[in-house]
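Just so it is clear: chains get the letters A, B, ... in the order the sequence lines come, proteins before strands, and each one is counted from 1.
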Amino acid sequence: MGGNWMRQTRLFLNTMRENPADAEIASHQLMVRAGLVRQLTAGVYTFLPLGYRVLKKIEAIVESEMDAIGAQEVLLPAMQPEELWVESGRSETYGPDMFRLADRHQRKVVLGPTHEEVVTNLIDNEVSSYRQLPITLYQIQTKFRDEVRPRGGLLRVREFRMKDAYSFHTSPESLDETYRDMHDAYCRIFERLGIGYRAVEADSGAIGGSGGSHEFMVLSEAGEDTVAGCTSCDYSANLEKAVAVPLPAGDASATPAPLVVPTPGTKTIEELCRLLDVPASRIIKVVVYFADGQAVGVCLRGDHEVNEAKLKAVLGADHLRLATADEVLSAAGKRVGFVGPDAPIRMLFDRDIQSVSDGVAAMAGEDEHKIHVVPGRDFDLSETVDIRNVVDGDACPRCQSPLAFYNGIEVGHIFKLGTRYTDAFDTTYLDANGAAHRIIMGCYGLGTSRVLAAIVEQSHDEKGIIWPSAVAPFQVHIVLVSVKDEAQVKAAESLYHRLYAAGVEVLLDDRDERPGVKFNDADLMGVPVRVTIGNKIKEGQVELKDRKTGDVQVLSAEEAFATVLGMVK
RNA sequence: CGGGUAUUAGCGCAGCUUGGUAGCGCGCCUGCCUUGGGAGCAGGAGGUCGCAGGUUCAAAUCCUGCAUACCCGACCA
C-alpha cells in the first residue's frame with residue numbers, strides 16, 4: 001500500500017476546519033488545513049505525505065526539463081567550510097543571513113544558502129581542459145537562510161528546497177546559449193506546472209556577477225516583489241531594475257533668479273510642500289548614503305525614490321546604507337533636511353532632475369531653502385545617472401506606453417555570472433594552444449518549495465486548493481459515500497483497483513464519515529477529479545466532478561472509468 | 001534591529017480586572033442512531049496554564065526576568 005494508490009483511512013493526514021491563528025495568506029492557511037505541511041519553528045516546516053508528494057512532482061518536472069537541456073544532476077554538500085565563503089568574499093556580504101556553526105575542532109562551518117562557492121571549487125579541481133566545457137550541473141537541495149523575518153507561510157522561510165544549476169563556459173557566446181536554454185526550460189517548467197508566471201528583467205543582487213538576469217515571477221497579491229510591466233508591449237522588470245523613458249527637460253527660460261526663503265524645521269518633503277505650496281515634483285532633494293564607508297549624496301526630485309539596487313550598481317559598492325542623522329551633519333555640514341545639491345560631498349544626480357524648471361533646493365543656511373532653482377544653472381550636474389524607482393505615470397523604455405505595477409512571488413532567477421566566482425577561486429581551463437583562461441559561469445535558481453506555495457496561492461477558491469493536474473498529489477479522489485452499503489463498497493473498490501492497475505494515482509476515501517465531511521475534505525485537498533460513489537449505484541451510476549469547474553457528469557461505472565482515464569492521460 | 005500582540009488539551013478560544021476544585025467549541029475514543037455537503041444523543045480520554053524566580057495560607061490570575069511565536073516598522077532628509 002502507499003505510493004500511487006492510497007486508502008484515506010491509512011493516510012497520515014489531519015485536515016483542519018479552522019484556519020491556524022498565525023496563518024494570514026491563503027496558501028499558508030490552506031497548506032496547513034489540507035494537511036500538506038506543519039510548522040516546526042519560525043520559517044521551518046515539515047512536509048507531510050500529501051505536501052511531499054506535490055513537492056516531489058514539482059521537482060520531477062524540474063529535473064526532467066533540466067535533463068532535457070543536458071544539465072547533469074549532482075548533490076552538493078549543504079554543510080560547507082566557511083573558508084570557501086571567505087575566499088569568495090561573500091562571508092562578509094551574506095553576514096548574518098547565513099547559518100554558521102563550529103565543529104568540535106572549532107572549525108567554522110556554514111549551512112549553504114546557495115552553492116556557487118562549492119560548485120566552483122569542484123570545477124576548479126575537476127576541469128582543466130576546454131574539451132570538458134561547456135558543462136552544466138544542477139541539484140535539488142535544502143538551502144538555509146537565516147531570514148530576518150520569515151513570513152507568509154512557505155513563501156519566506158529559513159529552510160527551503162531549491163533547484164540550482166551552474167554552467168561553465170569558455171566563451172560568452174556559449175554562456176548565452178545555455179542561458180537561453182535555461183530561460184526556455186524555465187518557461188516549459190512553469191507551463192507544465194500549470195501556473196501563470198512572467199519572466200522579468202532583474203537585478204543580480206547579492207549573488208553578484210555581470211551580464212543578464214531574469215526573474216520568474218508568479219503574479220500574486222501575496223508577492224513581496226514589485227514588478228513594473230508595460231501595459232502594451234512585453235517589457236517587464238523587477239522594480240529594482242525597471243527603467244523608464246527619461247522625463248523631458250524642463251523649460252527654465254522664464255525662471256527668475258533664485259531667492260532664499262525661510263523654512264524652519266521642515267524635515268520632510270511633505271512639510272516643505274505644505275509650507276511653500278509647491279508640488280513634490282518641484283523639490284530638489286538630497287539623500288545621503290554611506291557606500292563602503294564613503295558618504296555620497298543622491299540628488300533627485302522630491303516625488304522620486306532612490307533605487308538602492310541601481311545606486312549600488314553605479315557605485316560598484318558592496319555595502320550601502322542610509323546615513324544616520326549625525327553622519328549627515330558631519331559629512332555634509334548640514335542637518336537632515338537641509339543638505340542641498342551643492343553640498344561638499346560626492347553627489348550623484350538622477351537624470352530626471354533636469355525635468356525641474358523652477359525648483360526648491362536646500363542651497364541656503366539652516367532653516368532656509370532657495371526657490372526658483374534651476375538644475376545646471378544654479379548648481380553643477382556632475383554625475384547624472386538613472387538612480388530612481390520608476391513610478392506610476394512613467395513610460396515604457398521600449399514602446400513609450402504607460403507602465404503598470406504588480407506584486408509577484410519570485411520563484412526563479414537566472415544569471416549570467418561571468419567570472420565573478422572563477423576569479424575568486426582562480427578557476428581556469430587550458431585552450432587548444434595550452435593557454436590558461438578564466439572559466440565563464442552562469443547560475444540558475446528555482447525555489448521548488450516556494451513554487452508549491454505559489455501554486456496554492458494562485459490556484460484556490462473559498463473551499464480549498466485546486467491542484468493543477470501536473471502536480472496534484474493524486475489524480476482521482478474516489479469518495480465512497482457510505483462504507484455500510486455493500487454495493488457502493490464493491491463499486492468503489494473495483495474502480496479503485498482498476499484505476500491503480502491502469503497507472504492512475506488514486507485516493508479512496510473509505511472513511512466511515514458523513515458525506516458532507518468527505519465532500520468538504522475533498523474540496524479542501526483539491527484533487528482534480530472526484531468520483532462520488534453513492535446511492536445512485538443502485539442504478540449503476542456514479543458521479544464525476546471536476547474540482548476546478550465544478551462540472552458534474554453522471555455516468556455508469558464503466559463510462560466513469562473510461563472518462564477518468566481520458567481526463568488524466 | 002525597533003515597536004506591538006500573543007503563549008491555557010491536537011486546533012480555535014474563554015477564564016486573569018476582583019488570587020481559592022481549569023472551562024467551551026472543533027477534533028479524538030466507546031456505544032446508539034444517522035448517511036449526498038462539516039448531523040444528533042449518551043459516555044469518555046486528554047492540560048507541568050511557555051519557562052524561571054518572587055509576593056501570598058493559596059497564583060493560569062499579581063510582580064520581575066527570560067524564552068518562543070505572530071504582526072508592523074526599519075528611518076527617502
Side-chain angles (χ1 to χ4, degrees), chain A residues 13-25 28-29 32-33 35 38-44 95-96 148-153 156 158 263 265-273 280 283-289 297-308 311 320-329 331-332 334-341 343 350 360-362 366-367 369 387-389 391 463-464 479-485 488-489 509 511-524 530-538 541-543 545 550 552 554:
Chain A
L13 170 77
N14 285 308
T15 57
M16 284 167 28
R17 201 178 292 198
E18 291 172 286
N19 282 325
D22 56 6
E24 294 229 317
I25 65 172
H28 188 192
Q29 295 173 346
V32 173
R33 282 184 52 208
R38 292 288 184 261
Q39 179 171 325
L40 178 62
T41 180
V44 180
V148 180
R149 184 148 98 79
R151 70 182 99 186
R156 179 166 296 279
R158 300 194 297 166
T263 55
T266 50
K267 285 199 290 285
T268 65
I269 297 294
E270 203 180 311
E271 289 165 3
L272 195 57
C273 289
I283 311 281
I284 296 164
K285 72 178 177 185
V286 173
V287 185
V288 181
Y289 278 86
V298 179
C299 176
L300 67 171
R301 258 172 44 173
D303 59 336
H304 289 156
E305 287 192 341
V306 176
N307 179 314
E308 296 188 0
L311 179 58
L320 186 71
R321 60 174 179 83
L322 273 173
T324 65
D326 289 344
E327 289 168 342
V328 170
L329 185 59
K334 297 262 192 70
R335 287 200 334 263
V336 167
F338 299 96
V339 179
D350 182 68
V360 177
E366 295 279 323
D367 291 329
H369 279 75
I387 211 153
R388 69 173 175 91
N389 284 334
V391 294
K463 285 176 165 299
V479 173
L480 168 54
V481 174
S482 172
V483 296
K484 305 258 170 67
D485 181 323
Q488 291 182 31
V489 171
D509 188 350
R511 296 174 302 165
D512 185 11
E513 285 289 350
R514 295 178 63 82
V517 173
K518 296 188 167 204
F519 293 143
N520 279 302
D521 275 346
D523 287 342
L524 214 211
R530 187 179 96 196
V531 181
T532 306
I533 297 181
N535 48 27
K536 292 197 196 74
I537 199 67
K538 290 200 285 278
Q541 292 186 312
V542 302
E543 196 177 282
K545 186 167 186 178
V552 173
V554 178

Applying a 4.0 Å non-hydrogen cut-off, can you work out what [X] is touching in the nucleic acid: base, sugar-phosphate, or nothing?
X: A:D521; answer: base
X: A:V298; answer: nothing
X: A:K267; answer: sugar-phosphate
X: A:D22; answer: sugar-phosphate
X: A:R149; answer: base
X: A:E543; answer: base
X: A:K484; answer: base
X: A:K334; answer: nothing
X: A:R388; answer: nothing
X: A:A323; answer: base
X: A:D485; answer: nothing
X: A:V288; answer: base
X: A:E327; answer: nothing
X: A:V517; answer: base

[options]: which one has an atom nearest the side-chain heavy atoms of [X]?
X: A:P20; options: B:A69, B:G38, B:G12; value: B:G12
X: A:M16; options: B:C11, B:U34, B:C71; value: B:C11
X: A:D523; options: B:C70, B:C72, B:G37; value: B:G37
X: A:V481; options: B:G37, B:U35, B:C76; value: B:U35
X: A:D512; options: B:G36, B:C72, B:U35; value: B:U35
X: A:N535; options: B:U34, B:A69, B:G36; value: B:G36
X: A:A21; options: B:G38, B:C71, B:C13; value: B:C13
X: A:S482; options: B:G38, B:U35, B:C76; value: B:U35
X: A:E18; options: B:C76, B:C11, B:U34; value: B:C11
X: A:R151; options: B:G36, B:C71, B:A69; value: B:C71

Looking at [N], does its base get a donor-acceptor pair with the side chain of [X] below 3.5 Å?
X: A:K545; N: B:G36; result: no
X: A:N19; N: B:G12; result: no
X: A:E513; N: B:G38; result: no
X: A:R530; N: B:G37; result: yes

Answer yes or no: are there more than 12 heavy-atom neighbours, outside A:E271 itself, under 6.0 Å from its atom CD?
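More than 12 heavy atoms, drawn from other residues, nucleotides or ligands, come within 6.0 Å of this atom.
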
Should the heavy atoms of other residues, nucleotides or ligands under 6.0 Å from CG of A:N14 be counted, would the total exceed 12?
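Atom CG in A:N14 is not crowded, with 12 or fewer foreign heavy atoms closer than 6.0 Å.
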
Whom does [N] pair with, Watson-Crick or G-U wobble, provided both distances fall under 3.5 Å?
N: B:U48; value: none
N: B:U7; value: B:A67
N: B:A60; value: none
N: B:A42; value: B:U30
N: B:U35; value: none
N: B:C24; value: B:G12
N: B:C1; value: B:G73

Without decimals, in angstroms, what is the distance between [X] [atom1] and [N] [atom2]?
X: A:Q29; N: B:C70; atom1: CD; atom2: C1'; value: 14 Å
X: A:R33; N: B:C26; atom1: CZ; atom2: C1'; value: 12 Å
X: A:I25; N: B:C70; atom1: CD1; atom2: P; value: 13 Å
X: A:N14; N: B:C11; atom1: CG; atom2: P; value: 11 Å
X: A:R17; N: B:C11; atom1: CZ; atom2: P; value: 17 Å
X: A:L13; N: B:C11; atom1: CG; atom2: P; value: 16 Å
X: A:L311; N: B:C76; atom1: CG; atom2: C1'; value: 12 Å
X: A:R514; N: B:U34; atom1: CZ; atom2: C1'; value: 6 Å

Quick check: do [X] and [Y] have side-chain heavy atoms less than 4.5 Å from each other?
X: A:R38; Y: A:V32; value: yes
X: A:E305; Y: A:V287; value: no
X: A:L480; Y: A:V489; value: yes
X: A:H369; Y: A:T266; value: yes
X: A:D22; Y: A:Q39; value: yes
X: A:T532; Y: A:K545; value: no
X: A:V339; Y: A:V328; value: yes
X: A:K285; Y: A:L300; value: yes

Whole-Å [atom1] distance, [N] and [M]:
N: B:G65; M: B:C24; atom1: P; result: 35 Å
N: B:C28; M: B:U21; atom1: P; result: 31 Å
N: B:G46; M: B:G37; atom1: C1'; result: 30 Å
N: B:C33; M: B:U17; atom1: P; result: 48 Å
N: B:C70; M: B:C13; atom1: P; result: 15 Å
N: B:A59; M: B:G50; atom1: C1'; result: 16 Å
N: B:G27; M: B:C41; atom1: P; result: 12 Å
N: B:G43; M: B:U7; atom1: P; result: 31 Å

So which heavy atom on A:Y289 is nearest to which on A:E308, and how close?
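Reported closest heavy-atom pair: OH-OE2, 2.9 Å.
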
Need to verify one output field. Residue with the more 5' nearest nucleotide on RNA chain B, A:P515 or A:V286?
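Closer to the 5' end of RNA chain B: A:P515.
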
A:N520 vs A:H369, nearer the 5' end of RNA chain B by closest nucleotide:
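This one resolves to A:N520.
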
Is the distance from OP1 or OP2 of B:C70 to the nearest side-chain N or O of A:Q39 less than 4.0 Å?
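A:Q39 to B:C70 OP1/OP2: side-chain N or O found under 4.0 Å.
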
